[in-house]
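Here is how names work: the chains are called A, B, and so on, in the same order as the sequence lines, proteins then strands, and each is numbered from 1.
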Amino acid sequence: MELKDEVTIPAPRDEVYAALNDPEILKRCIPGCEELIKHSDEELEAKVVLKIGPVKAKFNGTVRLDKSGAPESFSLTGEGNGGAAGFAKGGADVTLEDQGDTTILRYEAKADIGGKLAQLGSRLVQSTAKKLSSKFFNEFAATFEDGAA
Amino acid sequence: MNDLTPSREERTENLKGLGCSRKRVEDARFTQGKGNYVDDIKMPGMLFGDFVRSPYAHARVKNINSEEALKVPGVLAVLTAKDLEPLGLHWMPTLAGDKQMVLADGKVLFQGQEVAFVVATDRYAAADGIEAVEVEYEELPVVVDPFKALDPDAPVLREDLEGQTEGAHGPRKHHNHIFLWEAGDKEATESVLASADVVAEEMVYYHRTHPCPLEPCGCVASMDKVNGKLTLWGTFQAPHAVRTVASLISGIAEHNIRVISPDIGGGFGNKVGVYPGYVCSIVASIVTGKPVKWIEDRMDNLMATAFARDYWMKGKIAATKEGKITGLWCHTTADHGGFDACADPTKFPAGFMNICTGSYDIPVAYLGVDGVYTNKAPGGVAYRCSFRVTEAAYFIERMIEILAIELNMDAAELRRINFIKKEQFPYQSALGWEYDSGDYHTAWEKALKAVDYEGLRKEQAERVEAFKRGETRKLLGIGLTHFTEIVGAGPVKNCDILGLGMFDSCEIRIHPTGSAIARLGTISQGQGHATTFAQILASEIGLPADSITIEEGDTDTAPYGLGTYGSRSTPVAGAATAMAGRKIRAKAQMIAAYLLEVHDDDVEWDVDRFAVKGAPERFKTMAEIAFAAYNQAIPGIEPGLEAVSYYDPPNMTYPFGAYICVMEIDVDTGVHEIRQFYALDDCGTRINPMIIEGQVHGGVTEALAIAMGQEIAYDEMGNVKTGTLMDFFLPTAWETPNYTTDHTTTPSPHHPIGAKGVGESPNVGGVPAFSNAVHDAFRAFGLRQSHMPHDHWRIWKTAHDLGLHG
């Protein structure tokens, strides 16, 4: 599964970057996120409830961040296990383009899905992933509008 | 006879015997929802079992933790391989001489493989229990390509076979190799190819698909600890074989096992083998002392039960420039999945693939089949395939079309000049079969005439020109097929399943008041045996079919038989039925002679009675003879009137047919429309024309599905991509066209009633007809071979690759 998008966040780049590293903000924005623990600057652990079509499961996942290109770019890799529902692993490359008061965030994500989730067919998985991704970025952008960063 | 005696024609008609379109006796209960399927069986205290299944295609199982699962209300037990090991049941023998895991033993080899069996008070508690079982997997590299599986550094799938260079069917040349099976003369064939005028070479792929019967697999196992008897109801196409195998692997003596196949909602080869669900249910019943039911759901069925096909067939066909075929070479790479559980007769690990010379007189041929392990579900022989005949027929019917392209010849004409001639039967094929009878030229002429073949080719040529002028975006394809298939397995000397010879049986008992019961070793899964076998008997013994009850499926009462699959019921059990009927008639003759006070030879059979030769007004009907059998003390004759026949067929039977599909294809959308589908079948003597038509309609619809979109597809991680009916194409009324059925009748010379069987023919002939129509539509634009299924996307892509999108 591949996902690519570009979104404009109403905040300067250094604020956007800081928010992306804030576990509280991430927990609020990730749809279905029940727990998000920052183990270190580079490692996160999350518990997310995911529903794709008729399959709903709680995923335990770990995410590792590569910040060597920050704040212009960074990448992350991770894997999640959903027990009987399946598993996923993948990564994303993110770039943040400074536009003064706003930032253009671009990402390219690739994921391999396995297990029951994958059997539902890529049509469902892809469209659900897109929906969840939009939801995340809407929530994320909204945090800056209330000045909650 | 006198004026009051009904005429011979009337009496024959009243019997509703051979040739009559007798209405099916089963349909009353099926159409009212009053069938008795295995899921209808409910017993007091019955438990429900279901599986934890692997999400991974290839992984080590490091740990299974059932602690949380056992806390779920209603969950009574969680069985793993460790629990089955002391009973020696964690692995079981397959029908193909391999062994397969009943529950994951150290690793899993395909997505959906059974890892643990949760036993609970109902199916919902079992489902909750399954979610709570914690399994720790360690992923291993996946191989889903059978060619890559034979790379020297390919991952090892079967660690249990490590070091074993001899398999069940000969030497193994690689850790993922199963067998090499060969037929014909390799040297002679290669020599012919080397010196031929023309050689057409192509890789023809018959993709993996699945029979997807309406009713999935299931069973109820009930161990009676007081009597020491195990009763097993289930979706079994071969109940006696299941009983014998269950006895051998469980140690319970065969007389203490009763296997019952109730109504089965479609088998199609999906229900021949023994599944882990059956074994686990038996063990769970023994352990809990209660009946245990296992019924899989649709995703389980598509993901883990016996699939069909997956044959990569590389062909080379040699011919003179006038179009006479001089040799055929075929090498097949057979993708068998993680275990070889192919339901073939023992000596035929590639089934009857060597029927791939088809309807053609080919003097020299060679076939080699390499079986390969991959990370997919086990199986391969299913879906009306007659043991790989669907693959063989598709192969040769594609090669003929490709040869026609190579020779720039009309494909109908190319077939005609190469058909085996009527006078050549019985015909010895270059790959080892003796075809019993056939008249291919007559069938072919009839078919071509029925669709106005010449007119269609003219229309097609005009359409190609119109397309080139830009006046239309629709192409016309004419899909031709003349198939010969081989069914009726089979002679005991070379056909057996796990050592059980493939004979079959019929036991008849006539009641005093002139009706009868007959029990068979076969089992209908919708074919209509209760209707048709009564018809065979009616014609043999002169009792109306409506007076004959046909019973199958209970191993306590039915005579031993090898079950129903591969269109074997009519050729084998149908023969046994006729022979048993003749034994009845032979005894009836003696009783009639006694009653009529004449010598045995002085009476003759007339439809439903024995009459005195020369004095036809003196007769005894079979009904009168039946009563006499219970009422009279006849010197030298035992009371009662019954007979049993176990029939070992002298040969297979060879039904054939000519199918023509006329198809329109929209080049811009890839959407097809079937304008006409003509199916001519020759199944020898036709027992019930209406049922034959039904079989053809059903089989051709399956063929439509297979050719035009249905598949079991895997991605590189071994995920099943078509695991639900959202993606697995099942035609509805919307997609299904009208069919025209027709027939010729060329009886089998060795069968007691000349019947050959017809159940599998429509799938054998249908797939090449649809596929050839697609190929034919694009022939004028340079297409040689495009793999199935021909769904809209693939057809669109074909058009695109041929440059038809401008």
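Note that OH of B:Tyr56 is 4.5 Å distant from CZ of A:Phe87, once rounded to the nearest 0.5 Å. Taken to the nearest 0.5 Å, the CG atom of A:Asp112 stands 8.5 Å off from the CG atom of B:Asn719. Taking CZ of B:Arg53 as the start and NZ of A:Lys116 as the end, the distance is 8.5 Å to the nearest 0.5 Å.
For a residue to count as touching a neighbouring chain, one of its non-hydrogen atoms must lie under 4.5 Å from one of that chain's; by this rule B:Glu136 does not touch chain A.
No salt bridge links A:Lys58 with B:Glu131; every basic N to acidic carboxylate O contact stays at or beyond 4.0 Å.
Here the closest non-hydrogen pair linking A:Gly86 and B:Pro55 is CA-CB, 4.4 Å.
In the displayed structure, A:Lys67 atom NZ is contacted under 6.0 Å by more than 12 heavy atoms of other residues, nucleotides or ligands. For CG of A:Asp101, the number of neighbouring non-hydrogen atoms (other residues, nucleotides, ligands) closer than 6.0 Å is 12 at most.
If you tally non-hydrogen atom pairs under 4.5 Å between each of B:Glu716, B:Met303, B:Glu134 and chain A, the highest count goes to B:Met303.
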